[in-house]
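Structure first, then comments.
Atoms within a ligand are numbered from 1 in the order they appear, just like the ligands themselves. Computed from heavy atoms alone, side chains included, the values below leave out hydrogens, waters and symmetry copies.
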Amino acid sequence: MEDPAAAAEPGGATPWPEARRIARDAARPLSPVTRPLAETTGTVLAEPLAALSDLPSFDTSAMDGWAVSGPGPWLLSGELLAGQRPGAAPLPDGHAIRIATGAALPPGATAVLRSEDGRTEERGPAGWLHVADGCPKPEPGQDVRPRGQECRSGDHLLASGTPVTPALIGLAAAAGYDELTVTPRPRVDVLVLGDELLDDGPPRDGRVRDALGPLLTPWLRALGAGPDTTVRRLHDDPDLLHQAVGSSTADLIITTGGTAAGPVDFVHLVVHRLGARLLVDGVAVRPGHPMLLALLPAGRPLVGLPGNPLAAVTGVLTLAAPLLRALGGRPDPVPYAVPLAEPVAGHPVDTRLIPVAFDDASGAARPLRFRGPAMLRGLAAADAMAVIPPGGAEAGAAVDILDVGWGSAS
Ligand SMILES: Nc1nc2c(c(=O)[nH]1)N[C@H]1C(S)=C(S)[C@@H](COP(=O)(O)OP(=O)(O)OC[C@H]3O[C@@H](n4cnc5c(N)ncnc54)[C@H](O)[C@@H]3O)O[C@H]1N2
Ligand code: MOO
C-alpha cells in the first residue's frame with residue numbers, strides 16, 4: 001500500500017483532495033459503547049437495531065369511538081381507555097364498548113366506529129349504538145391498528161452504521177430499548193495558541209479577540225465531536241504545548257495558530273519532539289495552506305489549524321471533519337455541485353475554498369465578499385463553501401459544495 005506520509009514531502013504541499021482522503025483514512029471508528037438513549041444523539045449504531053416487541057404490541061383503536069362486534073346495531077356497555085387492559089371475555093356479537101384512541105381492542109371486536117359516525121340511544125335501562133345517518137357501516141378491521149402492523153418482534157429495523165437521529169431514538173424507545181450500543185462521538189481537545197489573544201472586550205493594544213475558541217466549540221460538536229470536547233487557551237511556549245499534547249487522552253487533538261515559521265510558531269517543533277509522524281504538512285489550498293495532520297506515537301491524530309480564522313475553517317473542512325467522521329463511524333456526505341453565479345479567479349496551482357450564499361431564485365452559488373484569510377464576515381453570511389479548482393471557474397460552471405454543517409450544534 002502507498003505510504004500516505006509520502007504525500008507530505010518536505011516543502012511539497014499535499015493536493016487538497018488527497019489531504020481529505022488521508023485524513024479520512026488516518027483513523028478507525030472508536031470502540032462501541034452502550035449508552036442510555038438520551039446520551040446517544042449524534043452517534044451511529046454499532047450494531048443493527050432489531051425490534052424487541054411487536055409494534056403495536058396489541059390490536060389498538062386508531063380513533064375515539066366504540067369497539068364493535070358484528071354489523072350492529074350494538075348493545076352498549078363499559079369503557080376502555082388507553083393503558084387499560086381489556087377483560088379476557090370476548091365482546092359478544094352485537095355488543096359495543098366505548099373506546100379511546102390508543103386503547104387495546106377487546107377480544108372479539110371486529111372494528112372501531114368513530115364517535116362522529118355513531119349515534120347512541122337510551123332504550124329502557126340499556127344504551128344502544130347505531131351507525132349515524134349517512135355514515136357507512138364499519139368494515140371489518142376499520143380504524144384498528146393490528147398488532148405487528150409496523151414490525152414483529154425480532155424484525156430488523158435499521159442497519160449498523162445508521163446515524164442516531166432524534167427519530168431513531170424515538171423509534172428505539174417505542175420498540176422497547178433503554179440503551180443503545182453505538183460508536184461514540186470522539187472527544188476533542190482544542191488548544192488555542194497565541195499570546196496576542198483576548199477573551200473579552202474589543203480588540204486593543206495590538207491584541208485581537210480569540211475568534212477560534214468560540215467558533216470551534218459549537219462547530220466541532222455539530223460535526224460529530226462529543227459534548228465533553230474542551231477548548232483551552234495556551235501561552236506561546238513550546239514546553240506548555242508539549243505537555244498539553246503529550247498528556248492529552250482525547251481521541252483527536254486540534255491546535256490553532258503557530259503552524260507557520262514565525263518566531264513563536266511551535267507546532268512543528270512539538271510534533272517533532274513528540275516523535276509524531278506527519279501525514280500532511282501543508283495543503284495546496286487557499287486559505288489554510290500551513291495546516292498539518294500528524295499521528296502521535298499512540299496513533300492519536302493531531303490537526304494543526306492555521307491561526308488566521310478563515311484559514312482555520314478551511315483546515316476544519318479539509319482535515320478535522322473527515323477525521324471526526326472516521327472516528328465516529330459516520331459516512332461522508334454525498335458530494336454535490338452547484339453552478340456559480342459569477343466567475344471566480346483561481347490560484348494557479350492551489351484549490352480555493354470560498355464562502356457562498358445560494359440565490360433564492362436560481363439556486364446558484366454567489367461568492368461572498370470579505371473572504372480574506374483573516375476574515376469571518378463573508379463566512380458568517382454564507383450557506384456553504386465552494387471549491388474553486390486551480391485556474392478558477394467561469395460563471396455557470398458547476399463547482400463542488402462543502403456544507404459547513406453547523407445547523408445541528410449541541
Ligand atoms: N513567512 C511566512 N509567513 C507566513 C506564511 C508563510 O508561508 N510564510 N503563511 C501565512 C499563512 S498562509 C497563514 S494562514 C499564517 C498561519 O500562521 P500560524 O498558523 O502560525 O498562525 P499565527 O501566526 O499564530 O496567527 C496568524 C494570524 O491569525 C491570528 N490568530 C491566531 N489565532 C487566532 C484566534 N484564535 N482568533 C483570532 N485570530 C487568531 C493571529 O493574531 C495572526 O494575525 O501564517 C502566515 N505567515
Ligand atoms: O492560510 Mo493562509 O493565507 O492561507 O491564511
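Judged as a side-chain hydrogen bond (donor to acceptor under 3.5 Å, both in side chains), and not counting sequence neighbours, the contacts of Asp403 are Tyr336. For Ala374, the side-chain contact (heavy atoms from CB on, under 4.5 Å) partners two or more places apart in sequence, or in a different chain, are Asn308.
Of the candidates Thr318, Asp350, Thr351, Thr318 is the only one forming a side-chain hydrogen bond (donor to acceptor under 3.5 Å, both in side chains) with Trp16.
Taking a 6.0 Å sphere around CD of Glu116, one finds it holds more than 12 heavy atoms contributed by other residues, nucleotides or ligands. Within a 6.0 Å radius of CZ in Arg204, more than 12 heavy atoms belonging to other residues, nucleotides or ligands are found.
Side-chain contact annotation: Thr183 with Thr43, donor-acceptor N/O pair under 3.5 Å absent. Counted by atom type alone, Thr229 and Arg185 present zero donor-acceptor pairs between their side chains at under 3.5 Å.
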- Task: Decide salt bridge (Lys or Arg N to Asp or Glu O under 4.0 Å) for Arg21 and Asp332; before the verdict, give the C-alpha distance in whole Å, the side-chain angles of both, and the deciding distance to 0.1 Å.
- Result: CA-CA 11 Å; Arg21 263 197 303 278; Asp332 287 328; over 6 Å; no
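In this structure, Trp74 contributes its side chain and Ser69 its backbone to a donor-acceptor pair below 3.5 Å.
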Close N/O pairs between ligand 2 and protein, under 3.5 Å:
{"unit_1": "ligand 2", "atom_1": "1 (O)", "unit_2": "Gly288", "atom_2": "N", "d": "2.4"}
{"unit_1": "ligand 2", "atom_1": "1 (O)", "unit_2": "His289", "atom_2": "N", "d": "3.2"}
{"unit_1": "ligand 2", "atom_1": "4 (O)", "unit_2": "Gly288", "atom_2": "N", "d": "2.9"}
{"unit_1": "ligand 2", "atom_1": "5 (O)", "unit_2": "Asn308", "atom_2": "ND2", "d": "3.1"}

Which pairs of nitrogen or oxygen atoms, taken one from ligand 1 and one from the protein, are under 3.5 angstrom apart?
{"unit_1": "ligand 1", "atom_1": "19 (O)", "unit_2": "Gly258", "atom_2": "N", "d": "3.4"}
{"unit_1": "ligand 1", "atom_1": "19 (O)", "unit_2": "Thr259", "atom_2": "N", "d": "3.0"}
{"unit_1": "ligand 1", "atom_1": "19 (O)", "unit_2": "Thr259", "atom_2": "OG1", "d": "2.5"}
{"unit_1": "ligand 1", "atom_1": "19 (O)", "unit_2": "Gly307", "atom_2": "N", "d": "3.0"}
{"unit_1": "ligand 1", "atom_1": "20 (O)", "unit_2": "Gly258", "atom_2": "N", "d": "3.1"}
{"unit_1": "ligand 1", "atom_1": "20 (O)", "unit_2": "Thr259", "atom_2": "N", "d": "3.0"}
{"unit_1": "ligand 1", "atom_1": "20 (O)", "unit_2": "Ala260", "atom_2": "N", "d": "2.9"}
{"unit_1": "ligand 1", "atom_1": "20 (O)", "unit_2": "Asp265", "atom_2": "OD1", "d": "3.2"}
{"unit_1": "ligand 1", "atom_1": "20 (O)", "unit_2": "Asp265", "atom_2": "OD2", "d": "3.2"}
{"unit_1": "ligand 1", "atom_1": "21 (O)", "unit_2": "Gly258", "atom_2": "N", "d": "3.4"}
{"unit_1": "ligand 1", "atom_1": "21 (O)", "unit_2": "Gly307", "atom_2": "N", "d": "3.2"}
{"unit_1": "ligand 1", "atom_1": "24 (O)", "unit_2": "Gly258", "atom_2": "N", "d": "3.2"}
{"unit_1": "ligand 1", "atom_1": "28 (O)", "unit_2": "Gly307", "atom_2": "O", "d": "3.2"}
{"unit_1": "ligand 1", "atom_1": "28 (O)", "unit_2": "Asn308", "atom_2": "N", "d": "3.3"}
{"unit_1": "ligand 1", "atom_1": "28 (O)", "unit_2": "Asn308", "atom_2": "OD1", "d": "3.3"}
{"unit_1": "ligand 1", "atom_1": "30 (N)", "unit_2": "Gly307", "atom_2": "O", "d": "3.2"}
{"unit_1": "ligand 1", "atom_1": "35 (N)", "unit_2": "Asp210", "atom_2": "OD1", "d": "2.8"}
{"unit_1": "ligand 1", "atom_1": "36 (N)", "unit_2": "Ala211", "atom_2": "N", "d": "2.9"}
{"unit_1": "ligand 1", "atom_1": "41 (O)", "unit_2": "Glu196", "atom_2": "OE2", "d": "2.7"}

